[in-house]
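First comes the structure, then the notes that go with it.
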Amino acid sequence: MVLYFKLIDPEYICYMGIDKYENEDLIKYGWPEDVWFHVNDLSSAHVYLRLKKGETWNDIPANILDECCQLVKQNSIQGCKEPSVDIVYTPWANLKKTAGMEAGQVLYHNEREVKYVRNVRKDSKIINRIEKTREKREVDLMHERDSRDKSERHEKRKEQEEKRRAEKKAYEEKQKMEDIKKYTSIMKTDNMKSNKYNPTDEDDFM
């Protein structure tokens, strides 16, 4: 089961695993557009934010970031009791699993691709609104990821085809203009033979 939440901007998808075993599947089948959130140095839910098309994790609006942090803090057994906590977040692709790690544990491929939100305090107004939207769903994570990748490959092929057509059209236009220039050059008066310098023998018409 995966838990989904509606944020203030409904175009963002926010979700989290129901337990540490579900978190393993989320780690395995996450999307490149996903950003992972967790309470720093404490056990907590793994919350994911799926970005809009074309966005990067540097583009997350402040209010959306705040909502994700509130959700993570609230869903930490110890963190929800603390006056404030630090929240860590990073792109899904930066999550690293190694042999022997426990379910739900992660490392990072690149520490420089990790950010922190310091001293996050509970905002009951935000929590109450988000928790009211909580929805449990049975999700085939592998199928969803395969469908996403298939769609991306289709879009890339389409873009490549459009690029080839545009390049072909541009080449044909260039060739056409060059042909026009050549023809114009040949037809210029100073490049043509004039009858003025090649008089006709009038006797031929008698």
Side-chain angles (χ1 to χ4, degrees), residues 1-53 55-97 101-141 144-145 148:
M1 297 288 285
V2 180
L3 301 175
Y4 286 84
F5 302 85
K6 292 181 181 179
L7 303 182
I8 195 168
D9 183 343
E11 290 188 31
Y12 286 101
I13 296 175
C14 183
Y15 64 98
M16 71 181 188
I18 201 166
D19 56 36
K20 64 181 181 180
Y21 302 105
E22 185 72 42
N23 287 336
E24 283 297 295
D25 288 337
L26 297 182
I27 294 168
K28 184 176 181 180
Y29 297 114
W31 291 19
E33 297 84 6
D34 289 346
V35 179
W36 173 88
F37 291 79
H38 198 274
V39 174
N40 190 43
D41 293 334
L42 293 177
S43 175
S44 79
H46 291 211
V47 172
Y48 290 83
L49 174 69
R50 185 156 295 161
L51 302 175
K52 300 177 185 179
K53 187 175 181 179
E55 280 188 332
T56 72
W57 72 309
N58 294 312
D59 301 323
I60 301 174
N63 57 347
I64 298 298
L65 184 63
D66 190 24
E67 287 183 310
C68 291
C69 291
Q70 289 294 324
L71 192 57
V72 177
K73 184 181 188 307
Q74 180 66 16
N75 287 277
S76 168
I77 294 175
Q78 183 178 347
C80 69
K81 301 173 184 176
E82 297 292 331
S84 67
V85 296
D86 294 339
I87 304 297
V88 58
Y89 66 107
T90 190
W92 165 81
N94 195 39
L95 299 180
K96 178 182 179 181
K97 291 289 292 187
M101 292 181 71
E102 293 185 11
Q105 284 189 326
V106 296
L107 294 173
Y108 310 119
H109 290 288
N110 185 352
E111 289 287 345
R112 289 176 293 181
E113 288 293 301
V114 177
K115 293 184 180 181
Y116 297 86
V117 180
R118 304 293 184 182
N119 301 315
V120 174
R121 293 179 176 276
K122 181 177 180 178
D123 187 324
S124 297
K125 184 177 180 180
I126 292 177
I127 289 300
N128 291 338
R129 178 174 56 77
I130 295 177
E131 285 292 346
K132 287 178 182 178
T133 69
R134 177 188 290 245
E135 180 185 353
K136 290 183 180 181
R137 299 182 197 171
E138 287 284 356
V139 182
D140 187 337
L141 295 171
E144 284 200 347
R145 176 59 196 265
R148 178 255 173 220

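Cation-pi contact between R137 and Y4: present, with separation from the ring centre below 6.0 Å and deviation from the ring axis of at most 45°.
The OH atom of Y12 sits 6.0 Å away from the CD1 atom of I64 when rounded to the nearest 0.5 Å. To the nearest 0.5 Å, atoms CD (Q70) and CD1 (I126) are separated by 5.0 Å. The structure places SG of C69 at 5.0 Å from CD1 of I87, a figure rounded to the nearest 0.5 Å.
Of all non-hydrogen atoms in S43 and S76, the two that sit nearest each other are O-OG, 2.6 Å. Of all heavy-atom pairs between A45 and H38, the closest is O-CD2, 3.7 Å. When all heavy atoms of L51 and I60 are compared, the pair lying nearest together is CD2-CG1, 3.7 Å. The nearest pair of heavy atoms linking Y29 to W31 is O-CD1, 3.6 Å.
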Open item on the list: If you apply the rule side chain to side chain contact (heavy atoms under 4.5 Å, CB included), what do you find for K81 with Q78, and how did you get there?
Closed with: CA-CA 5 Å; K81 301 173 184 176; Q78 183 178 347; 5.7 Å; no
TODO: Show the numbers, then the answer: is there a side chain to side chain contact (heavy atoms under 4.5 Å, CB included) between L49 and I13?
DONE: CA-CA 6 Å; L49 174 69; I13 296 175; over 6 Å; no
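For the pair N75 and V47, the minimum side-chain heavy-atom distance is 4.5 Å or more.
Checked by atom type and distance alone, the side chain of N94 never pairs as donor or acceptor with a backbone atom of T90 at under 3.5 Å. For Q74 (side chain) and L71 (main-chain N/O), no donor-acceptor pair under 3.5 Å exists by modelled atom type. Formation of a donor-acceptor pair under 3.5 Å by the T133 side chain with backbone atoms of K6 is found in this model. Remark: the backbone N or O of N119 is not paired with any side-chain donor or acceptor of S84 at under 3.5 angstrom.
Every side chain to side chain contact (heavy atoms under 4.5 Å, CB included) that K96 has, sequence neighbours left out, goes to T98, L107, H109. When the side chain to side chain contact (heavy atoms under 4.5 Å, CB included) test is applied to E102, the partners found at least two apart in sequence or on another chain are Q105.
Classification of the Y48-H46 ring pair by plane angle, with boundaries at 30° and 60°, yields tilted.
Listed by first then second residue, pairs satisfying salt bridge (charged side-chain N to carboxylate O under 4.0 Å, His left out) with a partner in residues 114-125 read D86-R118, not counting sequence neighbours. Among residues at least two apart or in separate chains, ring pair (Phe, Tyr, Trp, His ring centres under 6.0 Å) pairs with a member in residues 67-90 are F37-Y89, W57-Y89. Among residues at least two apart or in separate chains, salt bridge (charged side-chain N to carboxylate O under 4.0 Å, His left out) pairs with a member in residues 58-74 are E67-R129.
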For a quick test of your reading: what N or O donor-acceptor pairs under 3.5 Å do the side chains of residues 14-27 make, sequence neighbours left out?
from	atom 1	to	atom 2	distance (Å)
Y15	OH	D34	OD2	2.6
Y15	OH	R50	NH2	3.1
D19	OD1	Y21	N	3.0
D19	OD1	E22	N	2.8
E22	OE1	M1	N	3.0
N23	ND2	D19	O	3.3
E24	OE1	K97	NZ	3.4
E24	OE2	K97	NZ	2.8
E24	OE2	G104	N	2.6

